[in-house]
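In what follows, chains carry the letters A, B, and so on, assigned in the order in which the sequence lines appear, proteins first and then strands, with residues in each chain numbered from 1. No experiment lies behind these values; they were computed from the predicted model shown.
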Protein chains: 2
Amino acid sequence: MLRRPLNNYISVDCVIFGYNGQELQVLLVDRTLIDNSTGQPEFTDLTLTGNHIYEDETIEQAAYRVLFDLTGLKNVFLDQFKTFAHPDRLKKENDRKWLLHDGRDPDKRIVSIGYFALLATQNITLEWKGRNVKWVSVSEVGELAFDHNQILEEALIALRNKIKQEPIGFELLPEKFSLTQLQNIYEVILSTELDKRNFRKKIARMKYLIPTDEKQTGVSHKPARLYVFSREVYEKTKKELFDFTV
Amino acid sequence: MLRRPLNNYISVDCVIFGYNGQELQVLLVDRTLIDNSTGQPEFTDLTLTGNHIYEDETIEQAAYRVLFDLTGLKNVFLDQFKTFAHPDRLKKENDRKWLLHDGRDPDKRIVSIGYFALLATQNITLEWKGRNVKWVSVSEVGELAFDHNQILEEALIALRNKIKQEPIGFELLPEKFSLTQLQNIYEVILSTELDKRNFRKKIARMKYLIPTDEKQTGVSHKPARLYVFSREVYEKTKKELFDFTV
DNA sequence: TAATTAAGTGTAAAATCAACACTAACTATG
DNA sequence: CATAGTTAGTGTTGATTTTACACTTAATTA
């Protein structure tokens with residue numbers, strides 16, 4: 001079956017966040033532009049991952065497709081956070097070359113619907129289907145093509161807001177994890193330090209954190225107990241919170 | 001100057017919330033489809049407000065333009081909350097007739113970028129520029145055209161989340177307001193009841209609420225003191241909150 | 001001037017937050 | 001095999017915030 005893009009000028013961009021146990025990372029695509037005449041690489045740019053939306057799929061399905069094509073994973077946490085359509089968003093010199101090379105009119109607008117995804121880095125086999133993708137620490141991301149630095153920035157804001165409201169830290173961890181790992185995720189995302197005892201007291205109040213009998217292995221210190229997140233308990237116990245905080 | 005739509009199939013939809021002192025309302029457009037052959041009205045549908053995006057404007061500018069055209073107001077609170085693009089979102093019979101009548105292909109997708117706006121109903125002169133718009137209580141909205149019921153639903157969710165985080169209740173009130181009015185806004189939006197004394201204690205801790213010397217007039221009971229919201233104080237005192245609540 | 005209506009105000013018990021330091025369990029090394 | 005190194009794990013106290021709860025005040029209207 002032939003699937004045509006719904007419209008060349010609408011796409012999804014996925015900010016795929018990963019956590020490797022130390023730092024928050026983002027999955028970037030390394031694109032090299034081949035000069036059509038010489039066949040030589042002209043320049044290389046880093047971009048977020050993204051794609052067109054096909055006629056027969058929802059935007060959410062398009063975002064899941066991008067994720068699956070790059071990581072081989074389904075059932076990934078995914079959240080739409082903002083749509084970008086500034087008329088000048090593609091005015092960098094290299095961006096224009098890219099679009100021309102891609103057969104698109106660089107003076108037309110691209111409306112880009114932003115999603116962010118969360119996954120545990122260790123689950124991923126990269127270079128999936130020949131694409132040249134890599135994890136980059138969020139704190140070390142340099143200049144990206146198009147307006148992707150801005151999109152990443154907004155994704156981070158959305159991620160911070162989300163993690164303050166809902167227990168999505170687990171999405172960045174393997175199924176079994178230690179409390180220190182979980183705390184580290186909050187610290188990294190919120191750029192703050194948390195008190196170990198207070199954090200544990202607070203998280204313990206949430207019933208959805210289930211201790212297992214297993215412990216860390218292969219560490220040269222006291223091994224941590226491993227926990228799992230119970231989505232069932234979470235769904236049961238979540239109640240509307242009326243912290244109209246400000 | 002000729003302004004052409006950026007793309008017929010991308011639009012902004014504005015969920016314009018208003019508050020009249022009692023209930024939360026939404027501004028709806030009453031559209032009557034005139035049969036091209038007979039010149040007679042074929043049917044009437046209610047929709048949210050919306051429009052195309054022009055080539056030379058940002059989506060945010062397009063949303064402000066929609067707002068201004070309908071209400072004559074600038075400087076309105078406006079927030080992008082979600083983009084809608086389900087392939088089947090325009091499959092109702094009347095929706096198709098409308099799009100045909102409008103010169104559009106009803107089988108093509110319309111990507112609609114949702115904004116919600118907040119304003120005090122009493123500031124508004126309706127029927128602006130001949131458009132047939134009206135306030136409808138949010139709790140009494142019936143079936144809308146297209147997928148506008150779903151968009152309204154998501155706008156309400158976004159509004160509830162927002163008001164729990166930021167002091168935007170003031171946007172629904174005239175410049176000077178009583179504490180009871182403010183409390184009522186929280187109660188209406190969050191569908192809950194709040195204790196008067198506790199609400200006042202909490203809101204008093206926020207320094208941005210400035211009492212004036214004025215009192216309500218024309219009420220047949222003890223008149224309430226009027227307050228104003230100080231944006232300056234708010235900007236100064238807001239600090240990052242680390243309530244990773246859940 | 002009495003009735004009606006909504007405004008405005010305080011306290012006490014319970015829950016949560018914030019600050020803070022030591023012991024336990026494992027590995028690696030000498 | 002003893003020691004050093006490393007991270008896990010745990011409780012208390014004072015300050016702040018939340019929750020629950022009822023009466024007096026100031027205006028209008030009858």
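When rounded to the nearest whole Å, the span between NZ of Lys215(A) and P of dA25(C) equals 9 Å. For the pair Gln183(A) CD and dA8(D) P, the interatomic distance rounds to 9 Å; values are reported in whole Å. Counting to the nearest Å, the P atom of dT29(D) and the NZ atom of Lys222(B) are 18 Å from each other. The separation between Met206(A) atom CE and dT16(C) atom C1' is 11 Å, rounded to whole Å. Atom CZ of Arg205(A) and atom C1' of dA15(C) are 8 Å apart (whole Å). Put simply, CD1 on Ile203(B) is 14 Å from P on dT17(D), counting in whole angstrom units. Between Glu193(A) atom CD and dA18(C) atom P the separation is 15 Å, expressed in whole Å. Following rounding to the nearest Å, Arg200(A) (CZ) and dA8(D) (C1') show an atom-to-atom distance of 6 Å.
In the model, Ser137(B) has a side-chain atom that pairs as donor or acceptor with a side-chain atom of Ser139(B) under 3.5 Å. Residues Gln25(A) and Thr121(A) bring a donor and an acceptor atom of their side chains to less than 3.5 Å of each other.
Comparing Asn198(A) and Pro223(B) along DNA chain D, the residue whose closest nucleotide (by nearest heavy atom) sits nearer the 5' end is Asn198(A). Each of Asp195(A) and Tyr227(B) was matched to the nucleotide of DNA chain C holding its nearest heavy atom; the match closer to the 5' end belongs to Tyr227(B). Of the residues near DNA chain C, Ala224(B) and His221(A), the one whose nearest nucleotide (by heavy atom distance) lies more toward the 5' end is Ala224(B).
Under a 4.0 Å N-O distance rule, the pair Lys92(B)/Glu143(B) qualifies as a salt bridge.
OP1 and OP2 of dC26(C) both lie 4.0 Å or more from every side-chain N or O belonging to Ser220(A). Taking only side-chain nitrogens and oxygens, Lys196(A) never comes nearer than 4.0 Å to OP1 or OP2 of dG9(D).
Results of the salt bridge (Lys or Arg N to Asp or Glu O under 4.0 Å) test with Arg231(A) over Glu171(A), Glu175(A), Glu166(A) single out Glu171(A) as the only residue that passes.
Side-chain to base pairing of Arg197(A) with dA21(C): one donor and one acceptor N or O lie within less than 3.5 Å of each other. A donor-acceptor contact under 3.5 Å is not formed by the side chain of Lys201(B) with the base of dT9(C).
Nucleic acid contact class of Ser178(A) (heavy atoms, under 4.0 Å, all strands): none.
Atom CG of residue Leu27(B) and atom CG of residue Leu119(B) lie 8.0 Å apart, to the nearest 0.5 angstrom.
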